[in-house]
Amino acid sequence: MAAIETEQASPNAPASDLTRVGYNVYRDPEIYARERERVFMGRCWNFLCLDCEIPNPGDYKTTHVGDVPVIVARDETGTIRAMENRCAHRGSQVCLEKFGNAKRLTCVYHAWSYDLRGKLVGVAFRNGVKGEGGMPPEFDPARHGLRTLAVEVFHGLVFASFHQGLPSVEEDLGPEITARVRRVFNRPVTVLGYTTQVLRNNWKLYVENVKDSYHASILHLFFTTFKLNRLSQKGGIIVDESGGHHVSYSMIDRDAAAPEPGERTRADKDGFRLADPSLLQGRDEFGDGVTLQILTVFPNFVIQQIQNALAVRQVIPRGPEETELRWTHFGFADDDAELLGARLKQSNMVGPAGYISLEDGAVGALVQRAITGAGDQESVMMMGGSDAASTTSRATETSVRGFWKAYRARMDP
């Protein structure tokens with residue numbers, strides 16, 4: 001019996017070849033440690049929260065930069081600050097709650113306290129007890145504050161970096177991505193709720209998935225069943241110069257002709273119907289006909305618009321083979337009752353058990369399990385070519401290749 005010939009990806013593909021990625025990058029603990037140092041704690045802006053989540057002086061939220069615990073707080077002047085959530089004394093977490101309001105941030109272990117800028121302002125028994133013990137005279141509180149991060153607020157989105165002096169967020173994103181952020185964040189925001197899920201896979205597999213427009217109408221049967229997203233619809237992919245940031249967008253053509261051969265439209269074929277069809281009814285609130293826009297900011301931030309369901313997603317690594325995904329669902333302060341109702345109803349399409357997003361929480365784990373014995377084998381990403389450029393086609397992996405372009409530039413500068 002003749003052997004079946006298959007194309008084998010070279011295990012030694014050059015770094016310039018964006019169509020090949022070795023499976024070891026999703027499993028290797030040493031690579032994960034280097035990512036923490038060079039990507040998340042490197043020269044990179046990381047999303048922390050929406051500024052409306054901490055509206056008042058003294059408000060704080062605990063979050064992460066990569067897997068590093070971080071506090072983001074609004075000080076008494078109204079300025080937003082960010083600092084590592086690690087006491088300078090013995091390394092305990094300082095803030096334990098997700099949200100709070102305080103004049104001082106006090107560590108529960110030994111009651112060292114810090115102001116909202118991260119400055120050490122209190123040491124329990126600093127002078128000892130009855131003239132004995134305590135800190136030595138040379139102890140300088142100014143040298144023992146919380147490690148602070150650079151902070152920038154961009155259209156209500158709070159970003160931070162462990163590096164000072166980075167180009168602004170707007171410069172980093174570039175004009176095309178910036179315009180698409182402004183398209184959504186064009187007026188005051190209000191939070192509608194939160195969802196969180198644990199993914200049993202490496203963080204990069206989820207980021208790849210969000211950037212992968214090729215899978216959307218194949219994996220997500222809800223999309224094709226109810227004609228919310230098909231590759232034949234008008235739309236496109238925008239990839240910035242660095243490759244790390246992208247936008248995928250499409251528009252529903254209500255008067256479109258019959259689907260092309262091979263497209264699965266089960267609603268037509270098998271008579272599927274929604275018990276409440278108002279789920280699919282919404283409003284063109286941005287005035288451009290775009291019904292789906294997924295925007296990513298390197299390394300791990302997503303802005304989502306699926307019809308009127310709006311959310312930001314923060315991807316948090318939890319080790320080489322586990323990821324936490326946090327969703328913040330939002331609307332606008334001037335939403336009327338009808339639009340707010342549509343948002344809340346359409347939010348059922350996304351999140352951990354969403355009609356659309358449910359599959360995304362599963363496929364990463366399928367990959368993570370399957371690559372256990374992959375050794376030096378590589379994935380293949382040739383759909384749409386070999387570059388990382390903008391295109392009008394969504395049958396492409398161009399923005400996934402863009403991620404790896406940006407990733408490699410930071411990991412191996």
Side-chain angles (χ1 to χ4, degrees), residues 36-37 40-42 44-129 133-154 156-166 169 189 191 194 196 300-301 312 314-318 324 326 328:
R36 180 192 297 116
E37 173 191 352
F40 295 102
M41 300 182 74
C44 197
W45 287 111
N46 293 267
F47 173 75
L48 296 184
C49 67
L50 301 173
D51 67 351
C52 68
E53 295 180 87
I54 49 171
N56 303 308
D59 286 349
Y60 67 84
K61 177 181 180 179
T62 55
T63 182
H64 289 78
V65 169
D67 59 7
V68 179
V70 169
I71 306 163
V72 55
R74 193 180 292 271
D75 70 18
E76 67 278 1
T77 71
T79 302
I80 294 180
R81 312 282 183 170
M83 58 219 82
E84 191 173 355
N85 192 1
R86 176 180 55 82
C87 184
H89 177 219
R90 297 286 294 279
S92 173
Q93 283 190 317
V94 177
C95 293
L96 307 181
E97 303 296 329
K98 292 182 179 179
F99 290 94
N101 182 279
K103 293 182 178 179
R104 290 187 176 188
L105 308 174
T106 302
C107 177
V108 68
Y109 196 179
H110 297 95
W112 283 33
S113 60
Y114 305 85
D115 67 15
L116 297 171
R117 295 173 173 83
K119 178 182 177 182
L120 179 63
V121 292
V123 175
F125 301 111
R126 178 180 175 181
N127 298 320
V129 178
M135 302 299 287
E138 63 269 20
F139 174 74
D140 182 4
R143 299 178 58 187
H144 295 85
L146 303 179
R147 179 159 56 164
T148 59
L149 289 74
V151 173
E152 182 173 333
V153 182
F154 179 69
L157 304 168
V158 182
F159 292 90
S161 175
F162 279 96
H163 276 261
Q164 305 289 332
L166 291 181
V169 171
V189 164
V191 172
Y194 301 92
T196 302
N300 62 337
F301 175 54
V312 293
Q314 183 184 18
V315 183
I316 300 173
R318 294 297 192 198
E324 183 178 339
R326 296 179 181 173
T328 302

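These figures come from a predicted structure and were not determined experimentally. We're numbering straight along the sequence, starting at 1.
Summarising the local packing, CD of E97 is surrounded by 12 or fewer heavy atoms from other residues, nucleotides or ligands at distances under 6.0 Å. No more than 12 heavy atoms of other residues, nucleotides or ligands sit less than 6.0 Å from atom CZ of F125.
In this structure, H64 and F40 have side chains that are not in contact, with every pair of non-hydrogen atoms separated by 4.5 Å or more. Counting heavy atoms from C-beta outward, Y114 and M83 have side chains that stay 4.5 Å or more apart. Taking the side chain as every heavy atom from C-beta outward, L116 and R81 never approach each other to under 4.5 Å. Residues P141 and V123 form no side-chain contact, since every pair of their non-hydrogen atoms from C-beta on lies 4.5 Å or further apart. With a 4.5 Å cut-off on side-chain heavy atoms, C95 and Y60 count as touching. Looking at heavy atoms from C-beta onward, F154 lies out of side-chain contact with W45 at the 4.5 angstrom threshold. Residues V153 and V169 are not in side-chain contact: their nearest non-hydrogen atoms beyond the backbone lie 4.5 Å or more apart. T77 has its side chain within reach of R117: a pair of non-hydrogen atoms, C-beta onward, lies under 4.5 Å apart.
Minimum interatomic distance between V70 and A82 (heavy atoms only, all atoms of both residues): CG1-CB, 4.4 Å. Counting all heavy atoms, side chain and backbone alike, Q93 lies closest to C107 at O-SG, 4.2 Å. The minimum heavy-atom distance linking I316 with G66 is given by the pair CG2-O, 3.3 Å. Counting all heavy atoms, side chain and backbone alike, L120 lies closest to S113 at CD1-O, 3.3 Å. Nearest heavy-atom pair, L146 versus A88, reported as atom, atom and distance to 0.1 Å: CD2-N, 4.3 Å. For V94 against N85, the heavy-atom pair with the smallest separation is N-OD1, 2.8 Å.
Without hydrogens or angle criteria, T106 side chain to A111 main chain gives no donor-acceptor distance under 3.5 Å. Without hydrogens or angle criteria, N101 side chain to P57 main chain gives a donor-acceptor distance under 3.5 Å. Remark: side-chain polar atoms of E84 are not paired, donor with acceptor, to backbone N or O of V68 under 3.5 angstrom.
Note that CE of M41 is 8.0 Å distant from CG of L149, once rounded to the nearest 0.5 Å. Atom CG of L157 is separated from atom CG of D51 by 8.0 Å, given to the nearest 0.5 angstrom.
Ion pairing of E53 with R74 is absent here, as no side-chain N (NZ or NE/NH1/NH2) approaches a carboxylate O to less than 4.0 Å.
Ring geometry for F99 against Y194 counts as tilted: the plane angle lies between 30° and 60°, on a 0 to 90° scale. Taking the six-membered ring for Trp and thresholds of 30 and 60 degrees, F47 and F301 have nearly parallel ring planes, at less than 30 degrees apart.
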Self-check item: Stepwise side-chain contact (heavy atoms from CB on, under 4.5 Å) check, R326 with T63
Solution: CA-CA 10 Å; R326 296 179 181 173; T63 182; 4.0 Å; yes

Practice problem: Kindly determine whether R90 and W112 satisfy side-chain contact (heavy atoms from CB on, under 4.5 Å), including the steps that lead there. | Solution: CA-CA 10 Å; R90 297 286 294 279; W112 283 33; over 6 Å; no

